[in-house]
Undergrad: 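Take a look at the following structure, please.
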Amino acid sequence: MNRLSSLKRLVESLKQSDYRNDTVDLIFKFDQPSGVASVDCAKGVQWPFGSVQVQIANTNMGLRQSWLEAWKPQTLDDRAIILEDDITVSPLWYQWIQTMYDHYGHRHDLAGFSLQRQQLVPLKERIGVKIHHNDNEPFLYNLVGSIGFAPNAQVWRDFIEWTKCSLCKGQEQDVSIPELILTDWYKATDQRMMWTQHFTYFTKHYNLFTLYQHPSNSTCMGAHWREKGAHFGSTLGSDFQTAQQEDFEFKFPQVPTRYDWGFRPVPVEQKLRTVVITSAVGYTSLSNFENFVGNLRKFYQGDVKMMVGDAVPEQILTFLTKHDIDTHKTYEGRSLEEFNKFRFSFYSTNCLMETYDYCLALDFRDAIFQGNPFPTSLQTETADVLLYAHSKYWSLSNDVGQYHVNLLNTCHGEQYRTKLLNKPVINAGAILGTPFFFLQMLDLMLYDDLKGCNDQVLLNIGIYGGLIQKVKRHKVSIQGIGIINDVANGDRFTKDSYGRYGGIDCFLSPVVHQFDSKNLKPPLNEKCSGL
């Protein structure tokens, strides 16, 4: 877009800002057609605060792709702000952004910071509701503000990776959110010109918020001049005046108020009581423990309880103590059937109702972590157990299904065959449940009529055959959706350019099970992943 006067106005406002003797680099990015005068203007800018770069796209990308190409963080500590050319900034903007970063940049629910004086309430049932002044205090809002947006580096990096997959031909994701007016706009326009729909869908998945502050006197940190272009058919002028010193006061509430899409206060999250439980009996190589524990501790600092064999080397016990793992030694000579019973007894004994809300029982050797295994979505969960299925069904027509059907004949489970057939095979190697569920599962493991059934067959009989009747609600996620992703035996997954596993919805899987299998299929997004 060739808007020379707008570009000059933006640059002049940036020059009037206080950068506190910091080095601040300025990068101009032009889409095609770029406009010779605007490019020449950018190349001639005198910028005493840092370096200047001018980058010109080879082809027309559209507004969405221009945003997606605007910034690629090199580290998770990088900071940047993305400004379209029809914006002017307050002299206070840089000081405000940096101060907000310092106070709130650590928050797990932070998508970024916006200079915008946000006026939109996108929830259809609440359209027309006014966004109040908030007493000149910072607040968090579910809606992104694109007028001067400074993304959280980790969120932006993960968003870019997600869009590579979710916009991949053949792998495109439906990013509709029917309750929001934004979706109506998105469907009515050239979708190449709107990046915020994808970002809104992404932040919905992770329950992320953008931080704003509305200065006094109806001023703003970043004014939108609403020039004729991608968003407006004619020039409308500035939406607000930019804030000066007399309009603004730095405030730092310890717990900023969070607002949903209807601009209704969101209750402060109550911290879930959680524990990861695993059995590492029989493993004596330190590398196995370094892989599981070291990986987990990158994302989760809560309770971990681990059963190990009585012959485990002292070096491993020292390592586990260092990483605050509650270790339990046990005898290693049990039969597989007896060990499975003992393992679920260990799960149930350590997943106590008075201590925990949710417990994750997970296989040891073949699981890796890519995020917190207890995401914020669990705050509103009502199920007693979240279970994760293979892509294969109980059936004689596939290898996994046939194997499990044949197992029924060896453990007196044939009577449940009709209830199991054509149901997805639930994986017992990763169970996320309440203490109540693990008590019910232990009862099932000790059920004499099904003696000889392994834990996976028993779990499937319990859920599909109705033997776990007291559990008020269970969820069986289809393979490739949810917190835990099983990726072996032909199961489906995606991968990003960092080699991280995602689900069929392209979102990163916090827990990946059976990642080391030799028969993994190619990622669904292989042609777009950059691998």
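Computation of the quantities below employed the complete heavy-atom set of this structure, encompassing side-chain atoms and omitting hydrogens, waters and symmetry-equivalent molecules.
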Undergrad: Under 4.0 Å between a Lys/Arg side-chain N and an Asp/Glu carboxylate O for Asp399 and Lys392?
TA: yes

Undergrad: Within 45 degrees of the axis of the six-membered ring of Tyr283 and under 6.0 Å from its centre: does Arg365 put its NZ or CZ there?
TA: no

Undergrad: Only one of Asn350, Thr434, Asp303 clears side-chain hydrogen bond (donor to acceptor under 3.5 Å, both in side chains) with Tyr356; which?
TA: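 Among the candidates, only Asp303 passes.
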
Undergrad: Is the cationic atom of Arg297 (NZ for Lys, CZ for Arg) positioned less than 6.0 Å from the six-membered ring centroid of Phe369 and within 45 degrees of its normal?
TA: no

Undergrad: Any carboxylate oxygen within less than 4.0 angstrom of a Lys/Arg side-chain nitrogen, looking at Lys341 and Asp455?
TA: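 Between Asp455 and Lys341 there is no salt bridge, as every charged N stays at least 4.0 Å from the carboxylate O atoms.
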
Undergrad: Answer yes when Arg334 and Glu337 have at least one side-chain N-carboxylate O distance shorter than 4.0 Å, and no when they do not.
TA: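 Salt bridge: no.
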
Undergrad: Can you confirm if the NZ or CZ of Lys495 lies within 45° of the ring axis of Tyr501 and under 6.0 Å from the centre of its six-membered ring?
TA: yes

Undergrad: Tell me whether Lys305 is salt-bridged to Asp326, with the criterion being a basic N under 4.0 Å from an acidic carboxylate O.
TA: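 Between Asp326 and Lys305 there is a salt bridge, with a charged N closer than 4.0 Å to a carboxylate O.
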
Undergrad: Should the pair Lys204-Glu179 be classified as a salt bridge under the 4.0 Å nitrogen-to-oxygen rule?
TA: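 No, no charged N to carboxylate O under 4.0 Å.
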
Undergrad: State plainly whether the residues Arg273 and Asp357 are in salt-bridge range, i.e. N to O under 4.0 Å.
TA: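 Judged by the 4.0 Å cut-off on N to carboxylate O distance, Arg273 and Asp357 do form a salt bridge.
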
Undergrad: Does this structure show an ion pair linking Arg500 with Asp158, if we count only N-O contacts that are shorter than 4.0 Å?
TA: yes

Undergrad: When you check the gap from the basic side-chain N to the acidic O, do Glu269 and Arg258 get nearer than 4.0 Å?
TA: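 Looking at Arg258 together with Glu269, the answer is yes, because their closest N to O distance falls below 4.0 Å.
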
